[in-house]
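This report refers to the structure that appears directly beneath it.
Throughout, protein chains are lettered first and strands after them, A, B, ... in sequence-line order, and every chain is numbered starting at 1.
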Amino acid sequence: MVPEEDIKSALRKVPWFDNLTPEHFNKTAEMSQLRHAKAGEIFFHEGDKQDYVYIVLEGRVSLDIFVPHHGKVRFYTAEPNDVFGWSSVTPSVRQRTAGAMAVLDSIVVCIDAEKLRQFADEDHDFGYLLMRRLTNVVASRLMITRLQLIDMFAGPTEQKND
Amino acid sequence: MTTTLINTAAHSAGYANKLLLPHWAEIVKIIPEAEGVSTFHLKFTDPEVQSRYHFEPGQFNMLYIPGYGEAAISMSSDLETANGLLVHTIRHIGNVTKAANRLKVGDVVGIRGPFGTSWPLDAIEGMDVVIACGGIGLPPLRGAIYQIIRNREKYGKITLLYGARTPADLMYPSEYETWQKAGFDMQVTVDRGDDTWTGRVGVVPMWFYHFRVDPHKTAILTCGPEIMMRFVIYEALARRIPSDHIYISLERNMKCGQGACGHCQQGPYFICKDGPVFPFRALENIFNVEEY
Amino acid sequence: MTDKTLTIGSTVALPKPELDLLMADLRNNGFQTVGPHLQDESIVYKEIAGLKDLPRGITTEQTPASFRMIQTGKERYFDFIPGSQSWKQFLFPPSHLLFSAVKEGKWQLKENDEPAPHYALIGVRACELAAIGIQDKVFLRDDFSDPIYRHRREGLFILAVNCLDPDATCFCASMGTGPRHTGGFDLCLTELDDVFLVEVGSELGRSLLSARNFELPLAFVQNTANQAMERAAHSMVRSMDTSDLPGLLTGNLDAERWMEIGKRCLSCANCTQVCPTCFCWNATDQVDILGKATRRERLWDSCFNPNYSYVVGGNTRPNIRSRYRQWLTHKLGTWKDQFGVLGCVGCGRCITWCPAGIDLTEEVAAIRAEVLA
Ligand SMILES: Cc1cc2nc3c(=O)[nH]c(=O)nc-3n(C[C@H](O)[C@H](O)[C@H](O)COP(=O)(O)OP(=O)(O)OC[C@H]3O[C@@H](n4cnc5c(N)ncnc54)[C@H](O)[C@@H]3O)c2cc1C
Ligand code: SF4
Ligand code: SF4
Ligand code: FES
C-alpha cells in the first residue's frame, strides 16, 4: 500500500480536486489508493463486478469491447486526468460493460466506488460536486462517441446512406 | 518566403489565355500509403514549366486524367527536398481518383496550378502551433510541417494532432520520428483500434480536454473532415483562442480552381481562390450555417 | 443644306429599310448578325440576315410561368419583350470545346484554335446590356480573364434598342438598368411606327451609320420617342425594393421563407439557364469507346443541379431550399461582395420561365416582411 501522503500529493495533481474543501479532500483520499500498472495489466474485464472508479495520472488505459467475429475493439483510451470506470458511481449499473487495460506503463488512482457513493449520499454538497464532474465526463464521452459514430473518415461506400 | 492569404500564383504557370489547359507531368514514383491512398511523385514533362512552377504549402493543383476529368489535390511536397517534384497524396475514392490508382510509373497526368491561399507560416511566427488534422487532411499540411521544422526556432511549442479511422489508415508513419525529433508533440488518435494499438483512441478535438493552451499565443491550423474541424474550432474558441488565430482549410466541389466556374462558392467566397485556407474570422457568419 | 455630319452622341432618323442595309454592311465587314427570330412559338436569338428575319408585328404578354405572343399587324420589329434566350449564349457559349486529347503512345493535347466569331447583336435591351456589363465583371477580371468570353466580347458590335412596352414580369426600372439605354452600345434604336431614331454610341457605329440614308429628326419625332420611353418606365408594374439588399438576404439565412420556397421550387434550373448573368459552368470529358481520345468541353451548369455541390460522400446543398437560397443570396447578395454589383438586372426571365411561377421580387418582399414582423 502507498503511504497516505503519497496519495494526497498524487490527488493534488488532478485539477478537479482543487475544488474540494479540505474535509472532502481528506475523505476522498481515505477511499483512494494508487496503482502502478505495467503495460498489459488489466484493471477489469467486461462483466466484472464494479468496485472502483479510476483516474489516470500517467500513462494510458484502453477501454475495449469484445465483438464476436471481430475480436477486441478498442473504442477509447483514457489519458492523464481522464476518469474511467465511472459507471460504478451511478446508482444502478453494477457490472462492467467494457474491459480496461494499461496500454502504457501507467499510474492510476483507484477510488472505492461503494464508499464514494455512500459519501455522496450522506453529504450532498460533496455529492453535487462529484455528480457535476461526472456529468462532464459523460458529456465529453458522448461527444466523442457521436463523432466516432459519424464515421467521418469513411469512404462513400462504407458510409451508410440515409 | 511569402506565405500570405493572398492568392498570388494563379497565373504563375501561364494559364491566362487557355481555359483549363493542363501541362503534362510524368509519374516518376508511386508510394502506397494506406488502404486506398497513395502518394505520387510527378515531374512536368516540359522543363520550362517545371522551372516556372512555384507553390506554397496549403495550395493545390487540379489534376487531370484524360477521359475522366479533374480533381483538386493539395501539394504535399516539402518545398525544399522535393527537388522539383510535385508530391500528391491521393485518396482513391471516386471517378478521377480511382483512375489515378490504375496509373503506373511513366504514365502522364495533366496539372494546372498552383491555386489558392497557403498556410500563414509567417503570421504565426512566435506562437505555439497546434496542427489539428484528420484523414486526408494531413497531406495538405505536410509541406507546412517541414517548413516549420526548417525554421523551428521561429515557433513555440508545436503539437500535431492527427486523427484517422484505424491505425492502418495513418499516413506517412515513417516520418513521425523525424517530426518528433524536431520537438513536435505528436498526438495520433484513431477512431477505433485493435488490441495491438497502444496509441490514443478517440477523436482529435478531445485533445483539448487534456492539455492546456495559452490562448494569447496559440495558433491552430486545421484540415480534415468539416465535422472534425467544427469541433476543433468549438474547443479552441471555448478556450478563448481568437478566431483570427484559427486557420482552416475548406473543401468544396471544384471545377476550375480560378474563381470562375462558381462551384466552390460559400457565401461571398470562392473557396478555390479566396481559400482553401481561411482565418476562421472570415468564416464566422457562414461556417456553421446548415447547407450553405 | 443642313449639316449631316455625325458625331458620337448624335441622334438621327433612319427609315426602316435602311436597317436592312446596315445589317448587310455589318455582315460585309465580317460580323455575324444575330438577333431575335420567331421560332417554335417563341422568340429566340440566332443568326439573322436582315429585317425579314425579325419578329414583325409581334408583342408579348409575359406573366409568372406564362409567355404568349400576340399579332399586332403593325410594321414594327421590336415591340416584344425577349423570350427565354439571352445574348449570354453568344459570349459564354452553352457548350464549348476546350481541347481534345489523343493517346498516341503518350497523351497529346490539341487546343481548340477555332477563331472566335465576331458577333453583331441586333436589338439588345437596356437590361440585357446591363447584364453584359455584369458578365464583363465576372469574366474579365484582374485575377481571371476568360479567354472564350474575352475574344467574343472584344469583337462585339452592339445595336441596342430602347424598350417601349415592358411586360408584367419586367422590373428593370427598379434595378436601375432600363428601360432606356444610357450608353455602352455602338448604335441605339428607338422604334416609332414609321421610322427608327438612332443614337450613335461609338466610332464604329458612327461610320456604319454615315453610309446610310438618314435624316435629321424633327423635334416632334424626338418628343414622341421621349414620351414613349417615359411611359414605358412608368408603366412597369413589377418592382424590387433593393434598399436593404444584400444584408436582408445574407443576414437572414435562417428565414422560414426559405423552407416555404423549398416546397414550391422544383430545382429544375430554368431560372439559372435563362438568366443573362448566371455564369456557372462545368467541364466534362467526352471520351471515345476505346479511351484513347477525349474531348474536354465546358458546359453551362447551375447551382440547382444536385451534382453542382457534390463532394465525395455527400452534397453540401442536399435540399432544394438550400439551393434556392444559394441562387437568391448570390444574385441579390454575395454577388456584390464578389463583383461590386448585384447579379440581377430585372429582366424578368426567371419569373416567366419558372414552371412553378416563383417570382423573386415576391420572395424578397416576403423575406423582408418576415424579418420586420
Ligand atoms: C482544396 C482541396 C484540396 C484537396 N486535396 C486533396 C488531397 O491532397 N488528396 C486527396 O486525396 N483529396 C484531396 N481533395 C479532395 C479531392 O478533390 C476529391 O476527393 C476529388 O475531387 C474526388 O474526385 P473523384 O472524381 O475521384 O470523385 P467523384 O466522386 O467521382 O467526384 C465527381 C466530381 O465531384 C467533385 N468532387 C467530389 N468530391 C470533391 C471534394 N471532396 N472536393 C472537391 N471536389 C469534389 C469533383 O469535381 C469530381 O470530379 C481536395 C479537395 C479540395 C477542394
Ligand atoms: S435573376 Fe431573373 S430577373 Fe434578374 S437578371 Fe436573372 S433572370 Fe433576369
Ligand atoms: S451560383 Fe447559381 S445563382 Fe449564382 S451564378 Fe451560379 S447558377 Fe447563377
Ligand atoms: S472551383 Fe471554380 S470557382 Fe472555385
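- Ring planes of B:F40 and B:H92: perpendicular class, angle over 60° (limits at 30 and 60°).
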Determine all donor-acceptor pairs shorter than 3.5 Å in which one atom belongs to a side chain in residues 336-343 of chain C; sequence neighbours excluded.
| residue | atom | partner | partner atom | Å |
| --- | --- | --- | --- | --- |
| C:Q338 | OE1 | C:H330 | NE2 | 2.7 |
| C:Q338 | NE2 | B:Q265 | OE1 | 3.2 |
| C:Q338 | NE2 | B:P268 | O | 3.3 |

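- The aromatic rings of C:W87 and C:F90 sit tilted, their planes meeting at an angle between 30° and 60°.
- Partner of C:E363 under the salt bridge (Lys or Arg N to Asp or Glu O under 4.0 Å) criterion, chosen from C:R368, C:R257, C:R325: C:R257.
- Ring geometry for C:F279 versus B:F270: interplanar angle of 30 to 60°, hence tilted.
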Could you pull out every donor-acceptor pair under 3.5 Å between side chains of residues 95-110 of chain C and any protein atom, sequence neighbours left out?
none

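- Counting heavy-atom pairs under 4.5 Å between each of C:V138, C:N319, C:V311, C:D301 and chain B puts C:N319 at the top.
- With a 4.5 angstrom heavy-atom cutoff, C:T329 touches chain B only via side-chain atoms.
- When heavy atoms are compared at a cutoff of 4.5 Å, B:I65 approaches chain C solely by way of its backbone atoms N, CA, C and O.
- A donor-acceptor pair is defined here as one N or O able to donate and one able to accept, closer than 3.5 Å; such a pair exists between the side chain of C:T177 and the backbone of C:V345.
- Side-chain contact between C:R317 and C:Y308 is present, with heavy atoms from C-beta onward closer than 4.5 Å.
- Salt-bridge annotation for B:R52 and B:E48: present, with a side-chain N of the basic residue lying under 4.0 Å from a carboxylate O of the acidic one.
- For the options B:G262, B:C261, B:C256, heavy-atom pairs under 4.5 Å to chain C are most numerous at B:C261.
- For the set C:K292, C:Q326, C:R296, the count of heavy-atom pairs under 4.5 angstrom toward chain B peaks at C:R296.
- Highest contact tally toward chain C, considering only B:E290, B:K255, B:H263, is held by B:H263 [criterion: heavy-atom pairs under 4.5 Å].
- Under a 3.5 Å cut-off, the side chain of C:D241 and the backbone N or O of C:S243 do form a donor-acceptor pair.
- Although no hydrogens or angles enter the test, the distance criterion places a donor-acceptor pair under 3.5 Å between the side chain of C:N315 and the main chain of C:P306.
- Around CD of C:E260, the count of heavy atoms belonging to other residues, nucleotides or ligands within 6.0 Å exceeds 12.
- Ranked by heavy-atom pairs under 4.5 Å with chain B, the list C:R141, C:R323, C:R295 is led by C:R141.
- The minimum heavy-atom distance linking B:G94 with B:T97 is given by the pair N-OG1, 2.9 Å.
- Among residues 280-287 of chain B, no residue has any heavy atom closer than 4.5 Å to a heavy atom of chain C.
- Between C:Y324 and C:W327, the ring planes are perpendicular. Angles over 60° get that label, and only those under 30° would be called parallel.
- Identified by a heavy-atom distance below 4.5 Å to chain B, the contributing residues of residues 280-288 of chain C are C:C280, C:W281, C:N282, C:A283, C:D285, C:V287, in residue-number order.
- Heavy atoms of B:Y68 lying under 4.5 Å from chain C belong exclusively to its backbone.
- C:P246 does not touch chain B: none of its heavy atoms, backbone or side chain, sits under 4.5 Å away.
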